[in-house]
S.K.: 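Below you will find the structure I want to go over with you.
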Amino acid sequence: MSNLFSLEGKVALVTGASYGIGFAIASALHGAGATVVFNDINQEKVDMGLKAYADAGITAHGYVCDVTNEEQVQAMVAKIEEEVGVIDILVNNAGIIKRIPMVEMSAEQFRQVIDVDLNAPFIVSKAVIPSMIKKGHGKIINICSMMSELGRETVSAYAAAKGGLKMLTRNIASEYGEYNIQCNGIGPGYIATPQTAPLREKQPDGSRHPFDSFIIAKTPAGRWGEAEDLGGPAVFLASDASNFVNGHILYVDGGILAYIGKQP
Ligand code: NAP
Ligand code: GCO
């Protein structure tokens, strides 16, 4: 049974994985046997990541690369193939959010979010697929969101990007499934990471942030997710256990999408 989930001998690239969800997913893939490769946008962040992996007893390979820059991505993938090996597993994790009411958001701010959260997964996937085809297999996991399904105030660009990422996932599955490439998404619920820290900040009187209480009431599990909650689902989608799962979005949300919310 455990062999089904083994990632021994596989090379996994997780983008933007110096900390947060990317770090937790990369650590879980390592736990299943994969060699971990990650990137971040500057050397300082990569060094921070390398230290975090080393502290966790993980030998990771870190690269400086802005995932929105196609030239940098192509160069990084070539370097990884030369220095580590062909990428068997890609996790498109790097992402940003801007919480700005839509009518106050500039077109440039909207584009920046689309660039990191949607264009970059296209750019990185495009760079790894040719070698996956040659090798005869590949796994691509796109980190989607509750906002791949739901809207909310202030996150128009993020919701547009994550909804688009859901459809990019289905399209990669459709276009490259015949080459034994599976492309699936993970849709995390509300996870306690630096990205969501402003939504959990304590009030001056020490009470919970109203958004924090709102999420607790909206989640049947009654808690925020931890980045580690995403490790098992990522191992599943990266392993042979999911070889006939393609174009699927696996929501890991403590039940948010199933629930109308706590009754008053
Ligand atoms: P995070 O703590 O902000 O981490 C995001 C990572 O992406 C950071 O390492 C960041 O690097 C990196 N990154 C951003 N732009 C980049 C670029 N152009 N090139 C390379 N790396 C870049 O976020 P997180 O909460 O762990 O989220 C990870 C992913 O999960 C994102 O796609 C996010 O949208 C998604 N997600 C998060 C939640 C949640 O509740 N936290 C829920 C659903 C989905 P820097 O630090 O250098 O900026
Ligand atoms: C927000 C949050 C969300 C989460 C996540 C939910 O402001 O609503 O940041 O977008 O990060 O993507 O799945």
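In this text the structure is predicted, and so the values were computed from the model without any measurement. Remember, it's 1-based here, ligands and their atoms both numbered in the order they're listed.
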S.K.: Short list, please: which atoms of ligand 1 are under 4.0 Å from a heavy atom of C144?
M.R.: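 What qualifies from ligand 1 is 43 (C), 44 (C).
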S.K.: Please work out which of P188, G20, C65 has its closest non-hydrogen atom nearest to atom 43 (C) of ligand 1.
M.R.: P188
S.K.: Around atom 3 (C) of ligand 2, find the nearest protein heavy atom and jot down its residue, atom name and distance.
M.R.: Y190 CE2, 3.6 Å
S.K.: Looking at ligand 2, would T193 count as a contact under a 4.0 Å heavy-atom criterion?
M.R.: no
S.K.: N/O of K45 under 3.5 Å from N/O of ligand 1, yes or no?
M.R.: yes
S.K.: Tell me the nearest of V67, V46, V64, T15 to atom 19 (N) of ligand 1, using heavy-atom distances.
M.R.: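 The nearest heavy atom belongs to V67.
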S.K.: Have a look at ligand 1 and work out which part of I97, if any, has a heavy atom under 4.0 Å from it: side chain, backbone, both or neither.
M.R.: neither
S.K.: What is the closest protein heavy atom to atom 11 (O) of ligand 2, and at what distance does it sit?
M.R.: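 For atom 11 (O) of ligand 2, the nearest protein heavy atom comes out as Q195 OE1, 2.5 Å.
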S.K.: Given A24, G95, G49, which has its nearest heavy atom closest to atom 5 (C) of ligand 1?
M.R.: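 Nearest option to atom 5 (C) of ligand 1, by heavy atoms: G95.
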S.K.: Please state which part of R99 comes within less than 4.0 Å of ligand 2, counting heavy atoms only: side chain, backbone, both or neither.
M.R.: side chain
S.K.: Among Y63, Y158, F23, whose heavy atom sits nearest atom 34 (O) of ligand 1?
M.R.: Y158
S.K.: Of the backbone atoms (N, CA, C, O) and the side-chain heavy atoms from C-beta on, which set of T154 has a member under 4.0 Å from an atom of ligand 2: side chain, backbone, both, or neither?
M.R.: neither
S.K.: Looking only at protein heavy atoms, identify the closest one to atom 21 (N) of ligand 1 and say how far it is in Å.
M.R.: A94 CB, 3.7 Å
S.K.: Please name all residues satisfying salt bridge (charged side-chain N to carboxylate O under 4.0 Å, His left out) with R170, sequence neighbours left out, ordered by chain then number.
M.R.: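 R170: no salt bridge (charged side-chain N to carboxylate O under 4.0 Å, His left out) contacts found.
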S.K.: Between the candidates N92, I143, I191, which shows the shortest non-hydrogen contact distance to atom 30 (O) of ligand 1?
M.R.: I143
S.K.: Below 3.5 Å, N or O to N or O, backbone or side chain included: is there any such pair between Q195 and ligand 1?
M.R.: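 Looking only at distances, the answer is yes, because the N/O contact criterion of under 3.5 Å is met.
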S.K.: Hey, is ligand 1 close enough to Y190 that some N/O pair sits below 3.5 Å?
M.R.: no
S.K.: If you count the atoms of ligand 1 from 1 in the order shown, which ones are under 4.0 Å from a heavy atom of G189?
M.R.: 40 (O), 42 (C), 43 (C)
S.K.: Could you tell me whether K162 and ligand 1 have an N or O pair separated by under 3.5 Å?
M.R.: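 Checking ligand 1 against K162, an N or O pair does fall under 3.5 Å apart.
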S.K.: Between the side chain of D253 and the main-chain N/O of G255, is any donor-acceptor distance below 3.5 Å?
M.R.: yes
S.K.: Apply side chain to side chain donor-acceptor pair (under 3.5 Å) to E83 and list each qualifying residue two or more places apart in sequence or on a separate chain.
M.R.: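 For E83 the side chain to side chain donor-acceptor pair (under 3.5 Å) partners, ignoring immediate neighbours, are Y63.
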S.K.: Out of T193, N119, V116, who is nearest to atom 25 (O) of ligand 1 when you count heavy atoms only?
M.R.: T193
